[in-house]
Colleague: 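Next up is a structure, given as structure tokens.
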Amino acid sequence: MKHLFAGLAAAALMAGTAAAQQSVTIGYSLSPESHYGVGAQAFIDTLTELSGGAWTGEHAPAGVLGGERDMIEGLQIGSLDLVITSTGPLGNFVPEVYALDLPFLFRDYAHARDTLDGEIGQELLARIDENNLVGLAWSENGFRHVTNSRHAVETPDDLAGLKLRTMENKVHMAAFTDMGAAPTPMAFPELFTALQQGVVDGQENPITVITASKFWEVQGYLTLTGHVYSPAVVLASPVLWEGLSEEEQGWFREAAKASGAATRAEVNRLEEAGVALLRDNGMEVITEIDKAPFAALAEKAYSVYSDQYGTEMIERIKAVQ
Ligand code: EAX
């Protein structure tokens, strides 16, 4: 009997060890099929592999834990472990990051990715770390384009009077005011219904988000304005972070890098395939416009950043080859 009990105790202990597998929750605003969903899964797979199964993760997709601003606050107080978010609301917490949100700044994907993968990206992750957040790795949302339910947009005049949802980002709001639209900041989880009910006429997002959110159901027109690059970032809660060993922190960093890479690959795929998908679903897509008049009007919005931080960072970003 004694042996039996000892055996049971040992079995219970082993079961206890297995059950001690730890899990993190990854929040994001889009569907599990989106580029963020792909990135979240790559994070989980990499973390589980590097940790030999000691760690796993769960998705909290589609804004079930709130909009991106709410989720960032959740990280700060430790109610959420990890978030994949656009930088849209991040400037409210780490103002230096607004530099990345300036309209018509990045020439193309290569320019944006090289900037984030280089010295500037590292510096900005360090700024994030100074604000009660942990910046693990850059990820990607994509170049943003304007959609609306009223008419085709080809010149800034076509934006006049359009009620356009923007992210809760003062650089973007200033840029759209200067381009002639009427910007309305709103958290992403409220957007589909707001478009459906006509609370706003339009919105702006990358092909990735427009496809993942099936905006063709509520928006007839898309113009490839590419007016701003939208970075994403994998953020951790400092509460989680401080409880990890150095080795575990290394696994989390690697997992975040793998997540960013998988998301970028999915952005590439959707940049190729997305417009056809949107057209198949009935959207009128204008692919060629003269961007110069939009850029000229949006330039004033740079002062939202430069009045406080100067133009040095802007010049450094422009100089990245
Ligand atoms: O990060 O709020 C937005 O428009 C974002 O692009 C979206 O939540 C994906």
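Ligands are counted one by one from 1 in listed order, and the atoms in each one are counted from 1 as well. Just so it is clear, the values below take in all heavy atoms, side chains as well, and ignore hydrogens, waters and symmetry mates. Given the structure is predicted, the values throughout are model-derived calculations rather than measurements.
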Colleague: Kindly give the heavy-atom pair with the smallest separation between Thr147 and Gln219, and that separation in Å.
Modeller: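 Minimum heavy-atom contact is OG1-OE1, 2.6 Å.
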Colleague: Just let me know how Tyr36 lines up against ligand 1, side chain, backbone, both or neither, with a heavy-atom cut-off below 4.0 Å.
Modeller: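 Just the side chain.
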Colleague: Quick test of your reading of the model: are Arg279 and Glu284 salt-bridged, counting only N-O distances below 4.0 Å?
Modeller: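 Judged by the 4.0 Å cut-off on N to carboxylate O distance, Arg279 and Glu284 do not form a salt bridge.
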Colleague: Would you please indicate if the ring centroids of Tyr109 and Phe143 are separated by under 6.0 Å?
Modeller: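 Close enough - the centres of the two rings lie under 6.0 Å apart.
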Colleague: Using a 4.0 Å heavy-atom cut-off, which part of Gln203 comes near ligand 1: side chain, backbone, both, or neither?
Modeller: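 Gln203 to ligand 1: no contact under 4.0 Å from either part.
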Colleague: Is it the case that ligand 1 has an N or O less than 3.5 angstrom from some N or O of Thr85?
Modeller: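 In fact, backbone or side chain, Thr85 has no N or O that close.
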Colleague: Compare every heavy atom of Leu105 with every heavy atom of Leu102, then report the nearest pair and how far apart it is.
Modeller: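 For Leu102 versus Leu105, the nearest heavy atoms are O-CB, 3.5 Å.
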Colleague: If every non-hydrogen atom of Ile84 is compared with every non-hydrogen atom of Ser259, which pair is closest and at what distance?
Modeller: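 Taking Ile84 first and Ser259 second, the nearest heavy atoms are CD1-OG, 3.9 Å.
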Colleague: Could you walk me through whether His111 and Tyr229 satisfy the side-chain hydrogen bond (donor to acceptor under 3.5 Å, both in side chains) test, starting with their C-alpha distance in whole Å, then the side-chain angles of each, then the deciding distance to 0.1 Å, before giving a yes or no?
Modeller: CA-CA 10 Å; His111 181 202; Tyr229 175 74; over 6 Å; no
Colleague: Out of Met167, His35, Glu204, who is nearest to atom 3 (C) of ligand 1 when you count heavy atoms only?
Modeller: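 Comparing heavy atoms across Met167, His35, Glu204, the nearest one to atom 3 (C) of ligand 1 lies in Met167.
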Colleague: Which heavy atom of the protein is the closest neighbour of atom 6 (O) of ligand 1, given with residue, atom name and distance?
Modeller: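 Answer, as residue, atom name and distance: Asn205 OD1, 2.6 Å.
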Colleague: Who's the nearest protein heavy-atom neighbour of atom 8 (O) of ligand 1, and how far?
Modeller: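 Nearest neighbour among protein heavy atoms for atom 8 (O) of ligand 1, to 0.1 Å: Ser29 OG, 2.8 Å.
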Colleague: Nearest protein heavy-atom contact for atom 4 (O) of ligand 1: which residue, which atom, what distance?
Modeller: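 Going atom by atom, the protein heavy atom closest to atom 4 (O) of ligand 1 ends up being Arg165 NH1, 2.7 Å.
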